[in-house]
There are 2 protein chains.
Amino acid sequence: MKIMAKIAIAGAGAMGSRFGYMLQKAGNDVILMDNWEQHVETINEKGLTVDDNGQTQVIQIPAMAPRAVKEVQDLVILFTKTMQLKTMLEDIKGTIGKNTAVLCLMNGLGNVDVIEQYVKKQHIIVGVTLWTSELVGPGHISFTGSGSIGLQNIDPREQDRAAKVVSLLNAAGLNATLSTDVTTDIWKKACVNGTLNSLCTLLDCNIEEFGQLKEAPQMAREILNEFAAVAKLENVTIDVDEILTSLQKLGDTSQAGAHYPSMHQDLIQHHRKTEIDFLNGYVAKKGKANGIATPYNTLVTQLVHAKEQILVEDK
Amino acid sequence: MKIMAKIAIAGAGAMGSRFGYMLQKAGNDVILMDNWEQHVETINEKGLTVDDNGQTQVIQIPAMAPRAVKEVQDLVILFTKTMQLKTMLEDIKGTIGKNTAVLCLMNGLGNVDVIEQYVKKQHIIVGVTLWTSELVGPGHISFTGSGSIGLQNIDPREQDRAAKVVSLLNAAGLNATLSTDVTTDIWKKACVNGTLNSLCTLLDCNIEEFGQLKEAPQMAREILNEFAAVAKLENVTIDVDEILTSLQKLGDTSQAGAHYPSMHQDLIQHHRKTEIDFLNGYVAKKGKANGIATPYNTLVTQLVHAKEQILVEDK
């Protein structure tokens with residue numbers, strides 16, 4: 001893979017568009033792929049509006065419906081919502097050739113199981129990212145601050161491919177490193193999202209408010225104990241106290257303050273379905289299949305689904 | 001006790017005012033007692049506005065702060081919110097003499113434990129009621145339909161007193177009967193409230209919407225299984241399927257339809273604290289004390305308390 005590579009972003013929402021913008025700026029040949037027509041049209045007709053740490057600019061970057069892209073890519077970065085992952089992989093079959101690396105930086109548990117149905121194991125690279133971004137509206141994203149990425153090829157014999165992707169991301173300032181245990185990283189991030197995102201959504205509160213709730217540590221601990229028990233099945237060790245400490249820090253920082261987690265944005269603000277089945281729902285389902293009691297995650301999942309049924313128009 | 005009795009309503013909200021109105025109309029000497037000053041003042045200055053099945057009338061009925069009432073009553077009817085019960089009992093000590101019957105028709109579990117600290121067992125009558133009422137604003141209530149009451153003296157040797165109260169209530173058209181197992185009746189009502197009220201509050205939905213939720217029966221069943229396990233400690237048998245059937249009926253009837261349960265009115269609409277500690281919280285607490293796992297009721301209680309912390313001004 002060249003440093004100047006052909007890169008397709010599969011799911012060009014807030015995060016996908018930020019990555020696309022940064023990777024194109026570094027000289028790569030980038031295409032944004034998204035099924036939201038109005039978003040794609042706006043980007044093609046007016047450009048992508050980028051609020052980059054307070055500086056607004058409009059950049060030209062190609063955008064297309066995923067099915068319309070036929071050219072094989074060097075790198076495809078998956079940034080869909082988890083529940084749209086399967087459809088996206090169907091749509092982008094034409095972009096994945098025998099040398100294409102497929103990088104998944106999506107939140108949630110169980111994504112690899114889905115990707116493996118479409119992509120050979122050697123080509124799959126997964127990771128977690130602390131970059132953030134917000135979708136202001138069609139063709140318009142906004143972000144501040146910086147982030148990092150840890151990633152790994154899921155086939156341990158193929159770390160060269162992952163190393164090349166790290167170089168390519170770092171050339172674009174995306175601050176990537178090779179992880180030695182990305183599965184644990186993914187679980188840890190899911191632990192944070194499975195408490196903070198899910199509970200802020202159910203309680204309709206922001207991260208700062210959540211951090212001040214007397215009940216937050218107790219609820220989080222019960223949820224996380226179940227995450228830890230299910231993670232053990234996948235040989236992942238979760239230190240519940242460590243996650244609780246990081247949750248506390250998130251709630252404390254004045255910068256996270258009035259920020260609403262993405263699941264809240266999806267369901268409460270935009271009346272869209274959530275990724276709950278790939279967080280608490282995954283734990284509840286795997287727990288049930290393996291005789292591990294997961295009442296907390298089961299109820300959280302049921303409540304979020306109930307809330308979806310009430311708020312989401314397209315049921 | 002005479003049929004024309006001196007009756008004090010301790011807590012003259014929606015239900016208390018309806019009972020006071022009906023009992024006064026039947027010729028009793030009724031006084032409303034409430035700690036909401038604006039409500040009391042409005043009733044004294046302008047009368048109590050009563051929307052009785054669509055007919056609006058203004059009636060004259062005395063209202064006072066509970067502490068100000070010094071005269072011993074024949075009957076005191078407790079209709080406070082459960083968390084204000086203790087304070088109310090302190091405030092109305094002067095109204096309870098050696099022949100006063102104290103009737104509690106309040107929702108929730110554990111009320112008798114509190115009343116017994118202030119009133120001799122022989123004088124305590126407890127019951128459940130299916131009458132409903134709504135507080136429109138200070139000095140203004142609204143209601144439709146009719147209801148019923150089942151009651152019992154908690155000292156089994158004192159059913160004569162309960163029988164007299166039944167006669168007095170029936171003379172006012174309140175449709176009362178002597179119950180033979182009021183503890184079970186109270187638990188059954190708490191089962192309905194602990195699912196319907198608590199979940200409608202958490203999900204911000206009305207009873208009709210709740211009835212249509214795919215997740216409702218599963219969530220209700222888990223919550224009710226824990227209610228049943230804890231009820232057994234008090235020698236009360238709860239048939240979970242029977243409660244589920246009655247919940248289903250409540251969700252089906254077009255008349256219950258867009259009605260929001262009282263806990264939703266309290267917390268979501270009026271930002272007041274809820275009675276959760278006397279429903280799901282009671283089950284969680286008793287379960288914990290007796291080694292019975294109650295994760296569903298524990299989480300429901302924690303979530304409602306968290307929501308209170310977010311919404312209620314006076315924390």
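Chain letters run A, B, ... following the sequence lines, proteins first, then strands; residues in each count from 1.
Between B/A190 and B/F227, the closest heavy-atom pair is O-CE2, 3.6 Å. Contact between A/V240 and A/A228 at its shortest, heavy atoms only, is CG2-CB, 4.0 Å. Here the shortest heavy-atom pairing between A/F79 and A/G16 reads CD1-CA, 3.7 Å. The two residues A/I186 and A/G108 come nearest to each other via the heavy atoms CG2-O, 3.7 Å.
Shown here are the side chain to side chain contact (heavy atoms under 4.5 Å, CB included) partners of A/A229, two or more places apart in sequence or in another chain: A/I292.
Within the 4.5 angstrom heavy-atom criterion, no atom of B/I223 approaches chain A.
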- Task: Under the side chain to side chain contact (heavy atoms under 4.5 Å, CB included) rule, what do B/I238 and B/L224 come out as? Steps first, then yes or no, please.
- Result: CA-CA 9 Å; B/I238 296 296; B/L224 291 170; 5.7 Å; no
Pairs of donor and acceptor atoms, chain A with chain B, under 3.5 Å:
residue, atom, partner, partner atom, Å
A/L203, O, B/K307, NZ, 2.7
A/Q212, O, B/Q309, NE2, 3.0
A/K214, N, B/Q309, OE1, 2.9
A/Q218, OE1, B/Q302, NE2, 3.1
A/Q302, NE2, B/Q218, OE1, 3.1
A/K307, NZ, B/L203, O, 2.8
A/Q309, OE1, B/K214, N, 2.9
A/Q309, NE2, B/Q212, O, 3.0

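For the atom pair CG of B/L311 and CD1 of B/I268, the computed distance is 5.5 Å after rounding to the nearest 0.5 Å.
Between chain A and the options B/L303, B/L202, B/L299, heavy-atom pairs under 4.5 Å are most frequent for B/L299.
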